[in-house]
Amino acid sequence: MDDNAGQLKKFQKELSSGTVSLVLLAVLGQSRQPLYGYQIAKRLEEVAEGVLAGKQSALYPVLRNLEASGLLASEVEPSVSGPPRRYYRITKFGREMLREWVAAWSATRDSVDKVLQGEM
């Protein structure tokens, strides 16, 4: 891997790690029913134009951390086509934090856009 590709990959990884929790909460906040990991990953692939594609296994530790923080709740249900599935849903506290995180994201995005566009 050349140096440019390596630097880009490193930047994308750092950027992604800061936004995965936000997008997971958003997906679950927009869903009318609980979702299991594969469903969440598929929704991200559909709407994120592949930005988070191929990182399905990386979602599970984040989901567990969000649950441990009280932002998500989960239940395990049997599956007719394999092992039991853990279904996640956003909590009331998760919805409150999602609103705050979206506001913080918007402010950060706007500030970065101003710098990138030379509006300092």
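Sequence positions, counted from 1, serve as the residue numbers for this chain.
Of all the heavy atoms in Leu25 and Gly94, the pair that sits closest is CD1-O, 4.1 Å. Of all non-hydrogen atoms in Gly29 and Arg95, the two that sit nearest each other are O-NH1, 3.1 Å.
A continuous path of Ile, Leu, Val, Met, Phe, Trp and Tyr side chains, each step under 4.5 Å between heavy atoms, connects Val62 with Ile90, placing both in one hydrophobic cluster. The hydrophobic cluster containing Val102 also contains Leu24, counting ILVMFWY residues as joined when their side-chain heavy atoms lie under 4.5 angstrom apart, directly or transitively.
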Criterion salt bridge (charged side-chain N to carboxylate O under 4.0 Å, His left out) on Glu46 and Arg43, from CA distance to verdict: CA-CA 5 Å; Glu46 291 169 9; Arg43 290 198 181 182; 5.8 Å; no

Verdict with supporting geometry, Leu71 and Asn65, side-chain contact (heavy atoms from CB on, under 4.5 Å): CA-CA 9 Å; Leu71 303 173; Asn65 287 338; over 6 Å; no

Derivation of the side-chain contact (heavy atoms from CB on, under 4.5 Å) call for Leu35 and Leu63: CA-CA 11 Å; Leu35 301 171; Leu63 288 167; over 6 Å; no

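The side-chain heavy atoms of Arg85 and Tyr38, taken from C-beta on, include no pair separated by under 4.5 Å.
The distance from the CG atom of Leu72 to the OH atom of Tyr87 is 15.5 Å, given to the nearest 0.5 Å.
For Thr91 (side chain) and Gly70 (main-chain N/O), a donor-acceptor pair under 3.5 Å exists by modelled atom type. Side-chain atoms of Gln7 never come within 3.5 Å of backbone atoms of Asn4 as a donor-acceptor pair (strictly under, hydrogens ignored). Side chain of Ser31 to backbone of Val27: no donor-acceptor contact under 3.5 angstrom is found.
Residue pairs meeting the ring-ring contact (aromatic ring centres under 6.0 Å, His included) criterion with at least one partner in residues 88-117, sequence neighbours excluded, do not occur; the list is empty.
Ser74 is linked by a side-chain hydrogen bond (donor to acceptor under 3.5 Å, both in side chains) to Glu67, Arg86, counting only residues two or more places apart in sequence or in another chain.
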